[in-house]
Amino acid sequence: MLAIQFIRDHPDLVREGARLKGETAPVDEILELDRQLRSVLAEEESLRAELNLSSARFGELSRSGDQAVEELRLKLAELKSRIQTKQQERKDFEEQLQRLLLVVPNPPHELVPYGQSDDDNVVIRTWGALPEFDFQPKPHFELGERLGLFDFERAVKVAGSRFALLKGAGARLERALTWLMLDLATGEHGYEEVSPPYLVSRECMVGTANLPKFEEDAFHVLEGDRFLIPTAEVPVTNLYREEILDADRLPIRHVAWTPCWRSEAGAPGKDTRGYIRLHQFSKVELVKFVRPEDSLAELEALVRDAEAVLQTLGIHYRVRLMCSGDMGFAQWKKYDIDAFAPGLGRYLEVSSCSAFGDFQARRANIRFRSHGGKPEFVHTLNGSALALPRTFDCLLETYQTKAGGIRVPEALRGYLRGLEEIGPPTH
RNA sequence: GGGGAGGUGGCUGAGUGGCCGAAAGCGCCCGCCUGCUAAGCGGGUGACGGGGCUUAACCUCGUCCGAGGGUUCGAAUCCCUCCCUUCCCGCCA
């Protein structure tokens, strides 16, 4: 959410920011509502000031038994009804204004390149070389099914399409990946691990800007009006909602492994075959709360922390700076990390790292205070490190052997009791 | 699920109808004192919003004592509903 003061002072900037993202912002309506709100607010407040003064006088008069009391009582009753009318008007304006403010997108940072689609994103760097094979590399779903790592059919039987099931070495491998990611974050990169609830309140979803604009993307649990988390970003960012943090505590860096649920209303197709784009998947997520001036440097560090996972695994990847049109509603600046899947012959997005400025902090009211100063909004950031299924897929495809087995990267063997290779299949 | 207690500022905690945006303490800020540190002494210190003001400082008005309603001329204080915390009992992984 943007500050109303900011929109008053820079309406063109807000309009332009929305345009860059390919969206629109109801700036004129907001400014008009804001004017009306302030005018009715001023009237209400001066009536209240009058009521407050007169009430005090009423007390004095009635104690001294003055006859004027009855006259004053009538006057106050009339005042009060006028106040109630104004108050209702004010509340209506506030509600309308709030609704509109929540749908104004965060303008991109000035260094974000302009663009309208995926093609306009800018590759910042790549790591490792495209893997080479002396045979035709297979896609992960073929490898995994032959090795018995997946059971897609039974997953569908149990939960419906777009759910997956890992078994045997597959389940263990994903668990090993999860442990590696958590150990890197907590042991090497200085994140404190949290294990949050997987259901959150509506307020939390609004705080991270998953609502009100994207309600159809989330699974809604009617009992208690809660939502299955689409990412750990939601519960973890909201950890400090409505709080004023001591500046000495910043930066706060958290890592969380959670399942994530997305309703992903699109139809299945070529890009969704295999262990990808599921209603439920798991992810290791990094979340930071920082001082405004550290925000962008912390974003760079966050991306590096996520990259470290792929480097440790020896998987080729690229980092792209998202163009204005391809970054979400709430982001200020965003990088994607795409790992290469040789069997599919394309890159898969395994991480999305974003800085939000104070956009989320305003919505969730997360502030900090430095030694006796005024409270200020923190800046929030987050990114995956990494999404499990796609990292799993890239690993399978990168480390496949001609015989159809999977070599286990050095870094994972300790989590798999020394296992060096999965398979190859015997039939 | 049943019953009791409770939710007050950055924190702890007093306050049962006007003298309360709210005692006291902690923390923080400024000053004094002090070989240094600690202690001590004095003063200051809530949030949000509107208006005034060239900005800041400042002035002023309003709102806020879990949330929302109600009673009253007037509510932190009385009533209702909801949320949350905690204790006892029950049930259960």
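A note on names: the letters A, B, ... follow the listed sequences, proteins ahead of strands, and every chain is numbered from 1. Source: prediction; values computed, not measured.
- For the P atom pair drawn from B/G50 and B/U55, the interatomic distance equals 14 Å after rounding to whole Å.
- Checking the phosphate oxygens (OP1, OP2) of B/G51, a side-chain nitrogen or oxygen of A/Arg38 falls inside 4.0 Å.
- Side chain of A/Leu76, nearest nucleotide from B/C73, B/A47, B/C61: B/C73.
- Contact annotation for A/Lys80: base contact, defined as any heavy-atom pair under 4.0 Å involving a base atom.
- Comparing A/Ala77 and A/Gln87 by the nucleotide of RNA chain B that holds the closest heavy atom to each, the one mapping nearer the 5' end is A/Gln87.
- B/C64 atom P lies 13 Å from atom CD of A/Glu94, rounded to whole Å.
- Summarising the geometry, the separation between CG on A/Leu51 and P on B/A75 is reported as 8 Å, rounded to the nearest angstrom.
- Using a 4.0 Å heavy-atom cutoff across all strands shown, A/Arg8 reaches sugar-phosphate atoms only and no base atom.
- Across B/G7 and B/G15, the matching P atoms stand 10 Å from one another, rounded to whole Å.
- In this structure, B/C64 and B/G46 make a Watson-Crick or G-U wobble pair, each of the two defining distances being under 3.5 angstrom.
- Across all strands, A/Arg90 comes closer than 4.0 Å to no nucleic acid atom at all (heavy-atom distances).
- Atom CD of A/Glu293 has more than 12 neighbouring heavy atoms from other residues, nucleotides or ligands inside a 6.0 Å radius.
- Comparing B/C28 with B/U12, their C1' atoms sit 15 Å apart, to the nearest whole Å.
- A salt bridge does not link A/Arg90 with A/Glu43: none of the charged nitrogens is closer than 4.0 Å to a carboxylate oxygen.
- Under the 6.0 Å cut-off for aromatic ring centres, A/Phe227 and A/His220 qualify, their centroids lying closer than that.
- Using a 4.0 Å cut-off between a side-chain N of Lys or Arg and a carboxylate O of Asp or Glu, A/Arg262 and A/Asp217 do not qualify as a salt bridge.
- With P as the reference atom, B/G25 and B/G43 are 11 Å apart, rounded to whole Å.
- The separation between A/Arg367 atom CZ and B/G9 atom P is 13 Å, rounded to whole Å.
- Atom-to-atom, CG of A/Leu41 to P of B/G62 comes out at 12 Å; the value is rounded to the nearest Å.
- Atom name P, nucleotides B/G6 and B/G62: the rounded distance is 33 Å, in whole Å.
- When all heavy atoms of A/Pro389 and A/Phe281 are compared, the closest pair comes out as CG-CB, 3.5 Å.
- For an aromatic pair to be called close, the ring centres must be under 6.0 Å apart, and A/His379 with A/Phe289 fails this.
- Put simply, CD on A/Glu50 is 15 Å from C1' on B/G74, counting in whole angstrom units.
- Atom CG of A/Leu53 and atom C1' of B/C19 are 16 Å apart (whole Å).
- Side-chain atoms of A/Leu412 and A/Pro409, non-hydrogen and from C-beta on, do get closer than 4.5 Å to each other.
- Nearest-nucleotide positions on RNA chain B for A/Gly59 and A/Asp34 put A/Gly59 closer to the 5' end.
- Taking atom C1' on both nucleotides, B/G90 is separated from B/C79 by 31 Å, rounded to a whole Å.
- If you check every strand for non-hydrogen atoms under 4.0 Å, A/Asn52 touches sugar and phosphate atoms only.
- Across B/G4 and B/U60, the matching C1' atoms stand 47 Å from one another, rounded to whole Å.
- Here, B/U34 and B/U45 have their P atoms 28 Å apart, quoted to the whole Å.
- Taking atom CG of residue A/Leu97 and atom C1' of nucleotide B/C48, one finds them 15 Å apart after rounding to whole Å.
- Rounding to whole angstrom units, NZ of residue A/Lys374 and P of B/G10 are separated by 11 Å.
- With B/G18, B/G51, B/C61 as the choices, the nucleotide that has an atom nearest any side-chain atom of A/Ser55 turns out to be B/G18.
- In the interface, the side chain of A/Glu243 is not paired with the base of B/G10 through any donor and acceptor atom under 3.5 Å apart.
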